[in-house]
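Read through the structure below, which is laid out as structure tokens, and then see the notes.
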Amino acid sequence: MRYWIAITALCSALLAVLAGIDLNGGIIMSKASGGEHASLHSYPEAVLSATDTASGITVSVEPNGTVLAARDSAGTELWAVDVVKQVGAPHTGFPVIRYVEVTAPGTVSIVVGKSQSVEIDLKSGKAKLLGEN
């Protein structure tokens, strides 16, 4: 009898992990591995780069999904910032950048997780948390 209970518990745990649910009912936050981009792993429709046409600076999300880097038109890195470390993890969704847009000259708007809005200064890389819906 104990043998069957142990097998049942093991099978339940295995099915939960395969379904992406931990044993406490929460979603398992996984990081991409083997060349996967963490943002695309969590959000397949993610927009991961944008270019400021006035300056020629391109901002893009690094493969770990939390770092935003800026490069000039020659490809030289100007700055890189770990947005999640700087402003904190979102309350909902996966803790990765899923949307990047140059919204005004010198300003980059990004979305982290489901709905955390962050504004980045294009020249310095300084992040400012705007809020979360």
Side-chain angles (χ1 to χ4, degrees):
M1 179 74 161
R2 280 188 250 168
Y3 177 75
W4 289 109
I5 292 173
I7 288 177
T8 303
L10 181 62
C11 288
S12 295
L14 180 60
L15 287 173
V17 169
L18 292 175
I21 302 170
D22 68 16
L23 296 178
N24 296 321
I27 300 297
I28 295 173
M29 304 278 186
S30 62
K31 295 207 181 238
S33 61
E36 284 183 61
H37 196 291
S39 293
L40 292 175
H41 179 75
S42 300
Y43 299 101
E45 302 297 320
V47 176
L48 302 178
S49 69
T51 301
D52 178 48
T53 54
S55 65
I57 296 173
T58 298
V59 291
S60 57
V61 182
E62 298 292 308
N64 72 355
T66 65
V67 174
L68 188 69
R71 292 179 175 75
D72 63 16
S73 56
T76 303
E77 185 172 281
L78 304 173
W79 51 260
V81 60
D82 190 321
V83 176
V84 173
K85 281 186 182 175
Q86 199 170 94
V87 301
H91 296 291
T92 57
F94 294 96
V96 294
I97 300 167
R98 69 177 185 91
Y99 184 79
V100 178
E101 179 182 12
V102 176
T103 53
T107 305
V108 179
S109 294
I110 64 171
V111 177
V112 179
K114 186 175 180 183
S115 62
Q116 185 180 57
S117 296
V118 179
E119 196 172 84
I120 308 286
D121 180 78
L122 189 59
K123 292 182 181 178
S124 68
K126 183 169 171 55
K128 176 183 173 186
L129 177 62
L130 300 178
E132 186 168 356
N133 293 338

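Numbering starts at 1 and runs along the sequence shown. These values consider heavy atoms only, across backbone and side chains, with no hydrogens, waters or symmetry-generated copies.
- Sequence neighbours left out, the pairs with a member in residues 78-89 that pass side-chain hydrogen bond (donor to acceptor under 3.5 Å, both in side chains) are T66-D82.
- Contact between T92 and S115 at its shortest, heavy atoms only, is OG1-OG, 4.1 Å.
- For the pair R98 (side chain) and G113 (backbone), a donor-acceptor distance under 3.5 Å is present.
- The hydrophobic clustering, which links ILVMFWY residues whose side-chain heavy atoms are closer than 4.5 Å, places L129 and V67 apart.
- Taking every heavy atom of both residues into account, A46 and S39 meet most closely at CB-O, 4.3 Å.
- A chain of hydrophobic side-chain contacts below 4.5 Å, direct or via other Ile, Leu, Val, Met, Phe, Trp or Tyr residues, connects I120 to V84.
- Both V83 and L40 are part of a single hydrophobic cluster, where members link through side-chain heavy atoms under 4.5 Å apart.
- Applying the salt bridge (Lys or Arg N to Asp or Glu O under 4.0 Å) test to every pair with at least one member in residues 119-133, sequence neighbours left out, gives no pairs at all.
- In this structure S109 satisfies the side-chain hydrogen bond (donor to acceptor under 3.5 Å, both in side chains) test together with T103, sequence neighbours excluded.
- Counting heavy atoms from C-beta on, the side chains of L48 and I97 never come closer than 4.5 Å.
- When all heavy atoms of E77 and A69 are compared, the closest pair comes out as OE1-CB, 3.9 Å.
- Note that CD1 of I57 and OG1 of T76 are 11.0 Å apart. Values are rounded to the nearest 0.5 Å.
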Could you walk me through whether S60 and R71 pass the side chain to side chain contact (heavy atoms under 4.5 Å, CB included) test, one step at a time? CA-CA 8 Å; S60 57; R71 292 179 175 75; 3.7 Å; yes
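- The number of heavy atoms from other shown groups lying within 6.0 Å of CD (E45) does not exceed 12.
- Cluster annotation: V111 is not connected to V108 through the hydrophobic network of ILVMFWY side chains, with a link wherever side-chain heavy atoms come within less than 4.5 Å.
- Of all heavy-atom pairs between V118 and A127, the closest is CG1-CB, 4.0 Å.
- In this structure a side-chain-to-backbone donor-acceptor pair under 3.5 Å is missing from Y43 to V96.
- In this structure, V112 is a member of the same hydrophobic cluster as V61, with clusters built from ILVMFWY side-chain heavy atoms closer than 4.5 Å.
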Begin from the C-alpha positions of I110 and L68 and carry the test side chain to side chain contact (heavy atoms under 4.5 Å, CB included) through to its verdict. CA-CA 10 Å; I110 64 171; L68 188 69; 4.2 Å; yes
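- Side-chain atoms of H37 never come within 3.5 Å of backbone atoms of N64 as a donor-acceptor pair (strictly under, hydrogens ignored).
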